[in-house]
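Bear in mind the structure is a predicted one, so any value in this text is a computation, not a measurement. Quick note on labels: first sequence line is chain A, next is B, and so on, each numbered from 1.
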There are 2 protein chains.
Amino acid sequence: MEDVAELAGVSAMTVSRVLNAPEKVRPETRARVLAAVRELDYRPNSAARVLVTGRSGVLGVVCFDTTLYGPASTLFGIEQAARDSDYLVSIASLPALNRTWITRGIDRLRSQSVDGVIVVAPHESAAEGLRNLPPGLPVVDVGGGTDLPVPVAAVDQYAGAARATRHLLSLGHRTVRHLSGPPNWIDASGRVAGWRSVLEAEGREVPELLVGDWTAYSGYEIGKRLAHEPDVTAIFVANDHMAMGVLRALREMGRRVPEDVSVVGFDDVPEAAYFWPPLTTVRQNFGEVGRQAFQLLLDRIAGGEGEARRMVEPELVVRESTGVSR
Amino acid sequence: MEDVAELAGVSAMTVSRVLNAPEKVRPETRARVLAAVRELDYRPNSAARVLVTGRSGVLGVVCFDTTLYGPASTLFGIEQAARDSDYLVSIASLPALNRTWITRGIDRLRSQSVDGVIVVAPHESAAEGLRNLPPGLPVVDVGGGTDLPVPVAAVDQYAGAARATRHLLSLGHRTVRHLSGPPNWIDASGRVAGWRSVLEAEGREVPELLVGDWTAYSGYEIGKRLAHEPDVTAIFVANDHMAMGVLRALREMGRRVPEDVSVVGFDDVPEAAYFWPPLTTVRQNFGEVGRQAFQLLLDRIAGGEGEARRMVEPELVVRESTGVSR
DNA sequence: CCAGCTCATGGTATCGCTAACAGGCTCTCC
DNA sequence: GGAGAGCCTGTTAGCGATACCATGAGCTGG
């Protein structure tokens with residue numbers, strides 16, 4: 001920086017000002033400095049800047065498994081929003097979902113002086129991990145429950161599940177089975193709640209809950225069991241990958257979709273329209289959730305104490321895997 | 001740090017040593033310092049450390065679309081390896097794949113004093129972006145070609161495609177059609193080359209190349225066209241998602257898989273075993289690629305000039321979408 | 001008993017930048 | 001024409017750590 005200052009015939013302070021508050025420098029001086037910056041290919045040292053300002057322009061994301069479609073898409077949304085605002089994103093992935101690791105992840109990021117942290121761990125353990133946060137560190141949660149001490153951006157799982165369930169009932173099905181995600185996942189329990197509430201509101205029997213682990217494999221295994229129950233005519237599956245396994249199991253066992261059984265998924269992965277049959281599902285706009293989370297975080301970093309929750313509405317996408325009850 | 005030093009009755013310098021070179025401090029003193037560290041919940045300020053040492057413990061990843069299965073899995077592998085070595089990962093995603101953006105992504109990371117950069121952009125433009133790198137910055141590429149000026153970790157696409165093609169020929173098919181990924185993607189051209197070379201080596205006709213864009217949609221559209229060509233009995237598709245579209249198109253047009261047409265995919269996404277029919281495909285161990293890339297980068301950071309290329313072998317996974325030619 | 005070594009620790013300078021204040025210049029306006 | 005208000009720009013100090021060298025204690029060996 002000293003060199004740039006010398007080349008431009010000004011002091012280091014002026015160079016600093018050109019970079020941080022250009023309007024405070026006379027245009028002519030500014031031009032000379034910028035020319036010198038280019039000439040020497042000068043780049044400010046962010047470590048030094050962080051040291052004195054305390055702000056780094058980096059935000060941290062704590063996440064679990066970024067190969068899952070939802071978290072990966074959310075992360076991507078966050079990254080895009082961050083790029084547009086000249087933030088950089090550091091990620092701390094967790095080997096397991098529990099309080100200890102979440103706390104450790106946040107610590108790891110904090111030690112790098114991130115300006116804020118977004119936690120993408122839609123699991124009950126996240127709540128514990130967010131209980132006693134280091135004071136002064138802005139934190140936002142993605143997909144968490146309502147009882148968190150931090151702002152939350154999330155898709156309204158309850159509403160999405162309710163829509164899926166109502167759709168099936170409206171086709172004439174007596175009731176709807178639900179294959180849920182693993183217990184303790186916030187998304188999973190939100191979908192269970194939405195499903196159950198619609199059945200209860202409509203006075204339908206609430207059948208036994210089935211529990212998978214998000215994988216197509218678990219959908220397939222549980223689907224085989226379901227295929228043996230002749231009174232099952234409508235299944236709401238908690239994500240598209242499990243739904244894919246269910247579709248295959250039903251087909252193998254000779255039950256036609258949608259003639260014999262209707263199936264609804266959740267997520268609307270890009271491939272859902274190419275399942276056999278094309279899958280009716282609930283679209284979640286993960287990218288939008290990521291962007292909302294980033295906005296919430298920006299607000300907190302700026303000292304805002306405003307909104308604590310931003311819900312993104314899911315959308316039912318009707319394709320060919322659902323049909324009227326026989 | 002001063003406070004810790006005082007509480008432990010030592011100088012700041014000793015505290016620093018306890019944290020960076022514990023063996024140089026008498027065990028007894030070390031214990032006192034560590035106790036003080038815990039008591040005050042002291043955390044070193046990484047910015048200050050970076051300022052003086054020049055090393056940050058952060059590595060950067062430049063990537064394109066982290067919602068794609070391959071890049072997401074690779075990123076995850078890198079992150080896991082990094083965590084195990086106490087590195088943090090910053091990501092810079094690119095709005096478009098070209099020289100300018102890649103350079104800008106690297107610059108963005110460099111301005112944060114990352115210790116090294118891994119570029120996950122298996123596209124020809126990456127090569128240009130890697131031509132004139134800032135000197136002194138260790139860079140490793142993932143999935144790039146052979147002519148890069150930096151070390152590369154990659155899956156051997158050529159070998160994988162060759163295996164897939166030979167598998168189809170061994171089932172008695174006269175020749176094999178190939179639906180490739182978009183031009184200029186390294187993976188895509190590697191697979192094309194492997195496919196073509198086997199056909200030529202076996203003296204088979206090399207049919208016109210078909211080109212998709214990695215999406216199930218493009219697979220579906222091109223699959224519909226292929227379904228009309230009765231002499232097509234074997235298709236090697238450049239990724240599983242496109243293969244899924246092809247499967248659906250063939251089915252819709254009344255062509256049975258594998259009885260009439262055999263289909264092989266590439267990637268082995270977790271769902272491939274639940275396609276209809278279960279997809280024969282080429283498994284790529286993306287996680288391993290990520291880990292190898294990280295190892296290469298660590299080596300470069302440490303000043304190594306060793307190996308420039310680490311190939312990960314893909315594996316043919318035979319399922320039910322391929323069968324003997326009629 | 002002391003030169004000469006090792007080992008543990010401390011003092012000081014410095015990394016590159018910006019906050020806070022200081023000062024000089026121009027301009028306005030009575 | 002001079003006080004006062006702006007506007008630019010410069011000077012100084014310090015952010016929190018580590019590199020480097022100095023220092024003193026304890027030990028070895030002739």
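- Per the geometry, CD belonging to A:Glu6 stands 15 Å off C1' belonging to D:dG10, to the nearest Å.
- Across all strands shown, A:Val50 has no heavy atoms under 4.0 Å from either base or sugar-phosphate atoms.
- In this structure, a donor-acceptor pair under 3.5 Å is present between the side chains of B:Ser93 and A:Arg83.
- For residues 13-35 of chain A, no residue pair satisfies the ring pair (Phe, Tyr, Trp, His ring centres under 6.0 Å) rule, not counting sequence neighbours.
- Within the structure, the ring pair (Phe, Tyr, Trp, His ring centres under 6.0 Å) test picks out the following pairs touching residues 59-99 of chain A (sequence neighbours left out): A:Tyr69-A:Phe286, A:Tyr87-A:Phe294.
- Listed in residue order, the members of residues 28-41 of chain B having a heavy atom less than 4.0 Å from DNA chain D come to none.
- Not a single side chain to side chain donor-acceptor pair (under 3.5 Å) links B:Ser73 to another residue, sequence neighbours left out.
- As a whole-Å value, the separation of B:Lys24 NZ from C:dG10 C1' is 15 Å.
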Assign a letter to each nucleotide of nucleotides 11-23 of chain C from its 5' end: B, base within under 4.0 Å of a protein heavy atom; S, sugar-phosphate only; -, no contact. B---BBSBBB---

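- Remark: the backbone N or O of B:Val139 is not paired with any side-chain donor or acceptor of B:Arg300 at under 3.5 angstrom.
- At a cut-off of 3.5 Å, with distance as the only test, a side-chain donor of A:Asp115 or A:Ser56 sits close to an acceptor on the other residue.
- Within the structure, the ring pair (Phe, Tyr, Trp, His ring centres under 6.0 Å) test picks out the following pairs touching residues 95-139 of chain B (sequence neighbours left out): B:His123-B:Trp185.
- Shown here for B:Ile102 and B:Gly129, the closest heavy-atom pair between the two residues is CG2-CA, 4.2 Å.
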